[in-house]
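Chain letters run A, B, ... following the sequence lines, proteins first, then strands; residues in each count from 1. None of the values given here were measured: they were computed from a predicted structure.
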Amino acid sequence: MAPDRNRLAAELILQALFPLLKVVIKDSPSIAKKFEGVTAKIQFVARDPDGDVGSYLSFTNGSLDVVHGVCEAPDIAFEFRTIRRMVAMLGGKPALVRIRGIRKIGLFLKLLALLASLTLLMPTARPKDPAKRRLKVKLSIYMMAAALSRYNKLGDPEMTEWTGKQPERIYQFSVSGQDDIAAYLRVKAGKSQAGPGTCTRRKPFVHMKFRSIDEALPILTNDINMVKAVEKGYLALDGSPEYSRDLGNFLIRIQSLVM
Amino acid sequence: MAEGLTWNVYDANTMTQADIYGEVLCKLGETNERIVGLSADLARSTKIGVFAARYPDRFFNAGIAEQNMFGMAAGLALSGLTPFVSTMAAFTTMRAAEQVRTDICYQNLDVKIIATHGGISFGQAGTTHHCTEDIAIMRSMANMTVIVPADGIECANAVVACLERPGPVYIRIGRGFEQACYSSDDYGFTIGKAVEITAGSDITLICCGITVLQAKEAARLLHESDGLSVRVINMHTIKPLDTEVILKAIAETRRIITFEDHNVYGGLGSAVSEVIAESGRACAFSRVGIPDCYSIVGYPEDLYNFYGLDTDGIVKKVREVMKRDFEEEENWEDGF
């Protein structure tokens, strides 16, 4: 049975997007400084008759781990009465939320700064600062791989059918000359795995290579479509054009689901 | 190809590999007077007769005495000539094996051997005339270069190229009537450098001789029907082997199948498997050729089908190997 669309969107955000907060802390010295020495748990949970949906951020001496599920005694908890409300708020829209632990104002403000960094992923975000431009591209590429893998693992029927018929294949995303801005999606007979960096198990079946950070940005902000981007040389597609197109279609569906 | 050779692509489709060999040798003989020809009463079948008719003073028929013929070739080479010796593969590599080894290879002499009717290409002539051991025998002889062209065009390129290569060279061709794989001769033939026929990342098919064309067609079908990305390599030179292209295939596709009209022991598949084993990297691998048996008798095309060397057989084998794992890796957790 196809998963409920709201639940799917929520799980995608919690399991594919939230882990990227670790990248934000690692790559943003100002945010990392805020969390230095912090040990705390911050819960995000939506209530649902079929089972609550949640994840929590677990800080231990400033080191972040993202855990799927519900924790006991969080320092701060964001509780949504429905999954739809959670998806709306985490997708950038206003929604009612009950916040427990808001009196831990210091931690709360640090958390808001951290969550605000994820707005870089919105297509409308066009940062001027070079460090933020770099972070946007990195987060976007990580998000593409992570969301595709999670979308498959969460059981989207079309995605599972697509991965189900494939032998082991690597879909690689990268930016030329930026070794740390790379991520991959690996699929095999219905299974999937996303990871940062370059997968060395074999040659990518499809390699989407952005020419530079500045040329990746207009593609990620939808200022230029993929066909034009390829024409202009902003993006090189090495491998099957049919499967690249499928991948692009899945990404569009994921974006419309969560935003 | 050498300047002045007059056959063209149309000829490649209407002439057999041996026909083309005969024509090319004649053309080379015009400008290179050191070239002499020898055969063992098979000048007509092996097409070196074209050279014999054009240059009767530079051709020697040794009669049905292959051992003597290769001894004569060694003597001619020691005299400063470049002998091209033609007879059937079975007689070259087995009846005259000692002379090829001791008279020619041991002295590293400049003798070019063009062996026809290799593999099971002489289908209905029977098992005694099939030759499914020659690649194994010849590649184990020190100093010997071993080439198995994919078609007549490549045969011509190989004949031209072998003149520039010092030492003994063994060029193994079929009975003729093989279809053309290439549409032109300017694809960059170099002894010891394999040719990528199709690009692909799912699996690599390493082929020689008639299987190259069959694999090329299989790759097209597999792309259309199964969406597979199949790399086809024409490994025309079995020795020296292009190890670089094999190592690249191991790293990039992690699945390799070899196809050859030869016993699975000792030929192309064995040569490739040695490289895989020495690389220390896991790779799903399979060899297709004549299993360890004496081949059955029939029309060549039927035999190719029987032994899985035609397009249908290659498609079936690829589907089988695609189901195999190439490395233990069951961790499917996302890494972010």
Side-chain angles (χ1 to χ4, degrees), chain A residues 15-23 26 65-66 68 138-139 141-154 162-163 165-172 183-197 199-207 238-243 246, chain B residues 196 198-206 219-233 244-257 276 279-286 315-336:
Chain A
Q15 296 186 53
L17 181 67
F18 270 30
L20 300 186
L21 290 169
K22 290 186 278 186
V23 180
K26 189 165 169 265
D65 195 15
V66 179
H68 191 54
K138 186 174 187 177
L139 288 175
I141 282 178
Y142 280 22
M143 181 64 189
M144 283 195 267
L148 285 163
S149 177
R150 191 52 58 181
Y151 197 50
N152 177 61
K153 286 176 173 168
L154 291 170
W162 187 75
T163 57
K165 68 182 182 185
Q166 295 191 64
E168 182 163 342
R169 283 175 173 160
I170 309 296
Y171 294 85
Q172 182 74 52
Y184 64 87
L185 169 72
R186 177 179 159 225
V187 304
K188 179 189 172 188
K191 290 180 282 192
S192 63
Q193 181 188 41
C199 184
T200 55
R201 277 176 68 79
R202 59 186 308 171
K203 186 178 188 236
F205 179 66
V206 170
H207 191 162
D238 183 17
S240 163
E242 293 84 4
Y243 281 82
D246 292 347
Chain B
E196 185 175 284
T198 64
S201 58
D202 283 330
I203 191 166
T204 300
L205 314 183
I206 301 180
R220 187 186 65 76
L221 291 174
L222 285 161
H223 176 68
E224 287 173 7
S225 61
D226 299 29
L228 287 176
S229 172
V230 181
R231 183 181 302 183
V232 176
I233 300 292
E244 201 177 308
V245 83
I246 300 169
L247 293 171
K248 193 163 175 271
I250 297 167
E252 294 185 347
T253 68
R254 309 300 300 274
R255 288 190 178 85
I256 294 177
I257 313 177
I276 294 171
S279 78
R281 188 142 193 214
C283 173
F285 176 66
S286 191
V315 166
K316 191 174 162 195
K317 188 70 185 177
V318 168
R319 286 178 175 149
E320 180 192 313
V321 173
M322 285 308 298
K323 290 181 187 148
R324 284 170 46 188
D325 284 333
F326 56 81
E327 192 172 82
E328 294 244 345
E329 181 55 85
E330 283 311 310
N331 174 19
W332 288 92
E333 285 298 309
D334 292 340
F336 291 103

Item to check | Contacting region of Lys153(A) [heavy-atom separation from chain B under 4.5 Å] | outcome: side chain
Checklist entry - Can you say whether Val187(A) sits under 4.5 Å from chain B via the side chain, the backbone, both, or neither, judging by heavy atoms? => result backbone
Checklist entry - Salt-bridged, Arg169(A) to Asp202(B), with N to O below 4.0 Å? => result yes
Checklist entry - Parallel, tilted or perpendicular for Tyr243(A) and Trp162(A), by the 30°/60° rule? => result tilted
Checklist entry - Taking the inter-plane angle between the rings of Tyr142(A) and Phe336(B) on a 0 to 90° scale, is it parallel (under 30°), tilted (30 to 60°) or perpendicular (over 60°)? => result tilted
Checklist entry - Looking at Lys323(B), Arg255(B), Lys248(B), Arg281(B), which has the largest count of heavy-atom pairs under 4.5 Å with chain A? => result Arg281(B)
Item to check | Top contributor to chain B contacts, counting heavy-atom pairs under 4.5 Å, from Gln166(A), Gln15(A), Arg150(A), Lys188(A) | outcome: Lys188(A)
Checklist entry - Taking C-beta and beyond as the side chain, do Val245(B) and Glu196(B) meet within less than 4.5 Å on heavy atoms? => result no
Checklist entry - Are Thr253(B) and Thr204(B) close enough that a side-chain donor and a side-chain acceptor fall under 3.5 Å? => result yes
Checklist entry - Contact part of Arg324(B) toward chain A, heavy-atom cut-off under 4.5 Å: side chain, backbone, both or neither? => result neither
Checklist entry - Among Ile250(B), Asp325(B), Asp226(B), Ile203(B), which residue forms the greatest number of heavy-atom pairs with chain A at distances under 4.5 Å? => result Asp325(B)
Next on the checklist: Quick check against the 3.5 Å criterion: does Arg202(A) have a side-chain atom that pairs as donor or acceptor with the backbone of Ile170(A)?
Outcome noted: no
Checklist entry - What part of Lys22(A) gets closer than 4.5 Å to chain B, counting heavy atoms only: side chain, backbone, both or neither? => result side chain
